[in-house]
Amino acid sequence: MKMERKEIKGNIIQITLEDERWYAISENGEIKYIPSVTWICEYYPKGIGFFKWLASKGWDEAEAIKIAAGEKGNTVHNAVEMLLKRETISYNSEFINDDGIKREITADEYGAVLSFVDWWQDIKPEILGFNETVIAPDKSHAGTLDIRCKINNENWIIDIKTSADIWPSHELQVNAYRMCGFVNYKMGILQLGYKRNKKKKYKFTEILPQEDLFSATKKIWGKETEGIFPLQREYPIEIKLS
């Protein structure tokens, strides 16, 4: 089933449906559902370039590319998290994909992980936290922050991407994280496996504050998703014919 309920930490759980993602937090014995940053940012206008690409690929191929890119991104994120936990990644390390199937890391993904090591050695960040669930003070949005660190005595929040380009929705994403209690932090996007560079296969880009754009996008999201709540149904544990 395209539904995932997993505990993140403490009293926070993440509920993932087919097209929506919510974070849920328990308050005074009640569950409050909070929309995810990535879901909200999807409502930022895609632009003519996206629609030209979509027309050139067709819907089915575009969806297949999207799924493959998402799987690559998840694997690289998981591998980076393991490295930050001081665990070891090998060329045949196995990861579980969205379908629950275990598979070996691909050469492309392995190269992206190596590019993170290059960035780590070049920048020498002081890690303050990673894979952190963050919630806006007004509980209007929540998300998962990839890396929080110090670089040259400055505080940074960093989002990891495996895409070749940085899209406006990516910039809004880190702005939304900054609004979750990190207003004094600088923002950056770290692209791993960045093939447009000849030597170091990573690109680190500072992102400027754009909180007003995220707030505007959140209003559009609110209009378009009005009345939508997490789907909850009860099913038996097993199904069989008598």
Side-chain angles (χ1 to χ4, degrees), residues 37-38 41-42 44-50 52-54 57 62 65-85 89 91 93 95 105-132 134 143-180 182 184-211 213-214 217:
V37 168
T38 51
C41 290
E42 287 176 2
Y44 187 87
K46 297 292 192 297
I48 189 64
F50 169 80
K52 285 183 176 179
W53 174 82
L54 182 61
K57 298 296 183 183
I65 293 172
K66 179 181 175 182
I67 291 171
E71 189 170 298
K72 174 186 176 182
N74 287 339
T75 299
V76 172
H77 274 79
N78 290 336
V80 167
E81 182 179 358
M82 289 176 64
L83 290 178
L84 292 175
K85 290 179 178 178
I89 303 295
Y91 71 93
S93 292
F95 295 87
I105 191 170
T106 67
D108 193 34
E109 293 162 352
Y110 197 64
V113 177
L114 286 172
S115 69
F116 174 77
V117 176
D118 287 338
W119 175 81
W120 172 273
Q121 293 174 340
D122 291 343
I123 303 300
K124 298 177 175 58
E126 177 190 345
I127 300 298
L128 304 176
F130 56 91
N131 200 31
E132 295 178 307
V134 295
T144 302
L145 179 57
D146 289 339
I147 295 176
R148 188 164 55 87
C149 66
K150 277 185 178 291
I151 300 175
N152 296 327
N153 293 319
E154 294 180 318
N155 291 328
W156 285 79
I157 53 176
I158 298 172
D159 197 52
I160 293 174
K161 298 295 181 188
T162 55
S163 57
D165 298 291
I166 296 176
W167 299 100
S169 59
H170 296 163
E171 298 181 11
L172 297 189
Q173 191 175 341
V174 287
N175 271 269
Y177 297 153
R178 187 172 182 264
M179 295 165 69
C180 294
F182 304 104
N184 295 322
Y185 279 63
K186 288 191 171 185
M187 298 172 287
I189 290 180
L190 175 60
Q191 293 166 273
L192 299 180
Y194 189 74
K195 298 179 180 178
R196 293 172 183 169
N197 285 346
K198 291 183 178 180
K199 293 183 178 179
K200 302 288 186 177
K201 299 301 181 181
Y202 70 80
K203 184 180 180 184
F204 185 54
T205 305
E206 181 176 358
I207 302 301
L208 299 178
Q210 302 172 61
E211 295 181 5
L213 279 182
F214 176 74
T217 303

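Since this is a predicted model, take the numbers as computed values, not measurements. Note that the numbering runs from 1 along the sequence shown for the chain.
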K.L.:
By the salt bridge (Lys or Arg N to Asp or Glu O under 4.0 Å) test, which pairs, at least two apart or in different chains, include something from residues 111-130?
P.N.:
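Found Asp122-Lys200.
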K.L.:
Do the side chains of Met82 and Phe95 get nearer than 4.5 Å, heavy atoms only?
P.N.:
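Yes, close enough: below the 4.5 Å cut-off.
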K.L.:
Any sub-3.5 Å donor-acceptor pair from Ser115's side-chain atoms to Gly193's backbone N or O?
P.N.:
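Present.
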K.L.:
How about Leu190 and Tyr202: do any of their side-chain heavy atoms sit closer than 4.5 Å?
P.N.:
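Side chain of Leu190 against side chain of Tyr202, heavy atoms only: contact under 4.5 Å found.
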K.L.:
For the atom pair CD (Glu171) and CZ (Phe214), what is the distance rounded to the nearest 0.5 Å?
P.N.:
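If we round to the nearest 0.5 Å, Glu171:CD and Phe214:CZ are 14.0 Å apart.
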K.L.:
Grab the two heavy atoms, one from Tyr194 and one from Ala164, that are nearest each other, plus how far apart they are.
P.N.:
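Looking at all heavy atoms of both residues, the shortest contact is CE1-O, 3.3 Å.
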K.L.:
With rounding to the nearest 0.5 Å, note down the distance linking CD1 in Ile127 to CG in Leu84.
P.N.:
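Output value for this atom pair is 5.5 Å.
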K.L.:
What are the two closest non-hydrogen atoms of Val134 and Cys180, and how far apart are they?
P.N.:
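Of all heavy-atom pairs spanning Val134 and Cys180, the closest is CB-CB, 3.8 Å.
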K.L.:
At what distance, to the nearest 0.5 angstrom, does CD1 of Ile151 lie from CD1 of Ile123?
P.N.:
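One gets 6.0 Å once the value is rounded to the nearest 0.5 Å.
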K.L.:
Check the pair Asp165, Arg196 against salt bridge (charged side-chain N to carboxylate O under 4.0 Å, His left out), reporting the backbone distance first and the verdict last.
P.N.:
CA-CA 10 Å; Asp165 298 291; Arg196 293 172 183 169; 3.0 Å; yes
K.L.:
With side chain to side chain donor-acceptor pair (under 3.5 Å) as the rule and sequence neighbours excluded, what pairs involving residues 149-158 come up?
P.N.:
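The answer is Lys150-Asn155, Glu154-Lys186.
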K.L.:
Within the 4.5 Å heavy-atom criterion, are Ile160 and Trp119 side-chain neighbours or not?
P.N.:
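Not touching, per the 4.5 Å side-chain cut-off.
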K.L.:
Calculate, to the nearest 0.5 Å, the distance between atoms CG and NE2 belonging to Leu192 and His77 respectively.
P.N.:
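Between atom CG of Leu192 and atom NE2 of His77 there are 8.0 Å.
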K.L.:
What is the distance from atom NE2 of His170 to atom OG1 of Thr205, rounded to the nearest 0.5 Å?
P.N.:
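With rounding to 0.5 Å, NE2 (His170) is 12.0 Å from OG1 (Thr205).
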K.L.:
Evaluate whether atom NZ of Lys195 has more than 12 neighbouring non-hydrogen atoms of other residues, nucleotides or ligands under 6.0 angstrom away.
P.N.:
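Incorrect, the count does not exceed 12.
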K.L.:
Only one of Val76, Ile89, Thr75 passes side chain to side chain contact (heavy atoms under 4.5 Å, CB included) with Tyr110; say which it is.
P.N.:
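Of the listed options, the one satisfying the test is Ile89.
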K.L.:
Measure the shortest side-chain to side-chain distance between Met187 and Pro209 over non-hydrogen atoms and say whether it is less than 4.5 angstrom.
P.N.:
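Touching, per the 4.5 Å side-chain cut-off.
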K.L.:
Do the ring planes of Phe116 and Trp120 sit parallel (below 30°), tilted (30 to 60°) or perpendicular (above 60°)?
P.N.:
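Aromatic pair Phe116/Trp120 classed tilted.
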K.L.:
Looking only at heavy atoms, which two atoms of Lys72 and Glu109 are closest? And how far apart?
P.N.:
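Minimum heavy-atom contact is CA-OE2, 3.4 Å.
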K.L.:
Going from CD1 on Ile157 to CG on Asn175, what distance comes out if it is rounded to the nearest 0.5 angstrom?
P.N.:
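Separation between the atoms: 8.0 Å.
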K.L.:
Does Thr144 reach the side chain of Asn131, with side-chain heavy atoms less than 4.5 Å apart?
P.N.:
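Contact flag for Thr144/Asn131 side chains = yes.
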K.L.:
Just so I know, are the side chains of Tyr177 and Asp146 near enough to count as touching, which here means a heavy-atom distance under 4.5 Å?
P.N.:
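Heavy-atom side-chain distance check fails, nothing below 4.5 Å.
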